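Here is the structure we will look at, set down as structure tokens.
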Amino acid sequence: MVLTFYGTNRTGAEEARHLHEAPLVMTVPLVILAVLSVFGGWINVPESLHASIFGGFGTLPMSEWLHHWLEPVTESADAIRLEVLGAYAESAPIGGGHVVWGAVATGIAVTMVVLTARAVSRKTIYPASESETPSAGIRRVLYHKWYVDELYDRVVVRPLLATSRFAWRWIDQGFIDGTVNAVGSLTRAMGWAGSLFQTGRVTTYAVVLTLGALTILGVLAF
């Protein structure tokens, strides 16, 4: 949030000239989602919080509908679990119920948001194209996004390209195209050889007929 909405623009002067407000077709759905994000969480607030020290929130719509909406599907499994293991505990193993741990979780979240906002807002953040590449440590790992792209390139992209090149060169061009071209070349050669005897002269046909007859007689004789 701090990096996106606070501080100076980091897109560059040329890119900043093209920035403009989103049209209503985008703004209206975002406003609806923003309102739902504020109040949507209250539809599943536990009943133990309704009458707690936060009882003033009871005026907001509260329900445990999301907590129970899959029970018709898991009813049989829940019955077996209840018979074998017993009911789930309503309080944390180390003490405290919904109210205590709700307050603790909210406090931790607010504290981390405030500390992070203060720490980030004091630093000058440069775009990746203008910042120096960290030399080592976790900053380098984070800069390279946990090396996910590099790992994907090594494990998926490169083997796939190598397999595709092999299939193209040796299977497609070498075997498939080679077989088809060889059959075509053989057919053409046989046609050319046969065309040598198609001279249109009767004497040539007579010689061929004689040689054929002699060949057949020779085979029968031996």
Side-chain angles (χ1 to χ4, degrees), residues 1-11 19 21-22 24-128 131 133-152:
M1 181 186 68
V2 174
L3 291 177
T4 303
F5 298 105
Y6 295 91
T8 58
N9 183 277
R10 300 191 302 277
T11 59
L19 298 178
E21 289 294 335
L24 289 179
V25 70
M26 294 179 62
T27 304
V28 173
L30 289 175
V31 171
I32 296 174
L33 291 174
V35 173
L36 292 177
S37 69
V38 173
F39 297 104
W42 292 106
I43 66 175
N44 205 46
V45 171
E47 295 178 356
S48 58
L49 289 180
H50 294 188
S52 67
I53 57 176
F54 304 107
F57 294 148
T59 56
L60 294 174
M62 292 183 177
S63 170
E64 287 194 322
W65 173 76
L66 285 178
H67 185 68
H68 300 287
W69 75 289
L70 277 179
E71 285 184 353
V73 180
T74 62
E75 184 176 2
S76 299
D78 287 339
I80 296 174
R81 187 263 309 162
L82 184 63
E83 180 181 353
V84 176
L85 301 176
Y88 288 127
E90 293 296 331
S91 59
I94 58 175
H98 290 143
V99 177
V100 174
W101 287 106
V104 170
T106 302
I108 293 175
V110 172
T111 301
M112 292 305 299
V113 168
V114 172
L115 293 178
T116 303
R118 289 176 61 87
V120 173
S121 61
R122 294 175 180 177
K123 294 182 178 180
T124 301
I125 308 298
Y126 297 97
S131 61
T133 304
S135 58
I138 188 62
R139 290 175 60 87
R140 182 178 179 86
V141 176
L142 296 178
Y143 181 85
H144 290 282
K145 302 177 290 294
W146 297 93
Y147 291 96
V148 173
D149 291 341
E150 289 80 357
L151 179 63
Y152 183 81

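Quick caveat: nothing in here was measured; it's all calculated off a predicted structure.
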- prompt: Taking atom CD of Glu71 as the centre, does the number of heavy atoms from other residues, nucleotides or ligands within less than 6.0 Å exceed 12?
  reply: yes
message: Counting only heavy atoms not in Tyr152 (residues, nucleotides, ligands), do more than 12 fall under 6.0 Å from its OH?
response: no
query: So, for Pro29 and Leu24, which heavy atoms are closest and what is the spacing to 0.1 Å?
result: CD-O, 3.9 Å
query: Once you round to the nearest 0.5 Å, how far does CD1 of Ile138 lie from OH of Tyr143?
result: 15.5 Å
query: Got Val28 and Val31 here, is their nearest side-chain heavy-atom distance under 4.5 Å?
result: no
message: Surrounding CZ of Arg140 (heavy atoms of other residues, nucleotides or ligands, distance under 6.0 Å), is the total greater than 12?
response: yes
- prompt: Among Val113, Ile108, Leu115, whose side chain to side chain contact (heavy atoms under 4.5 Å, CB included) with Thr111 holds?
  reply: Leu115
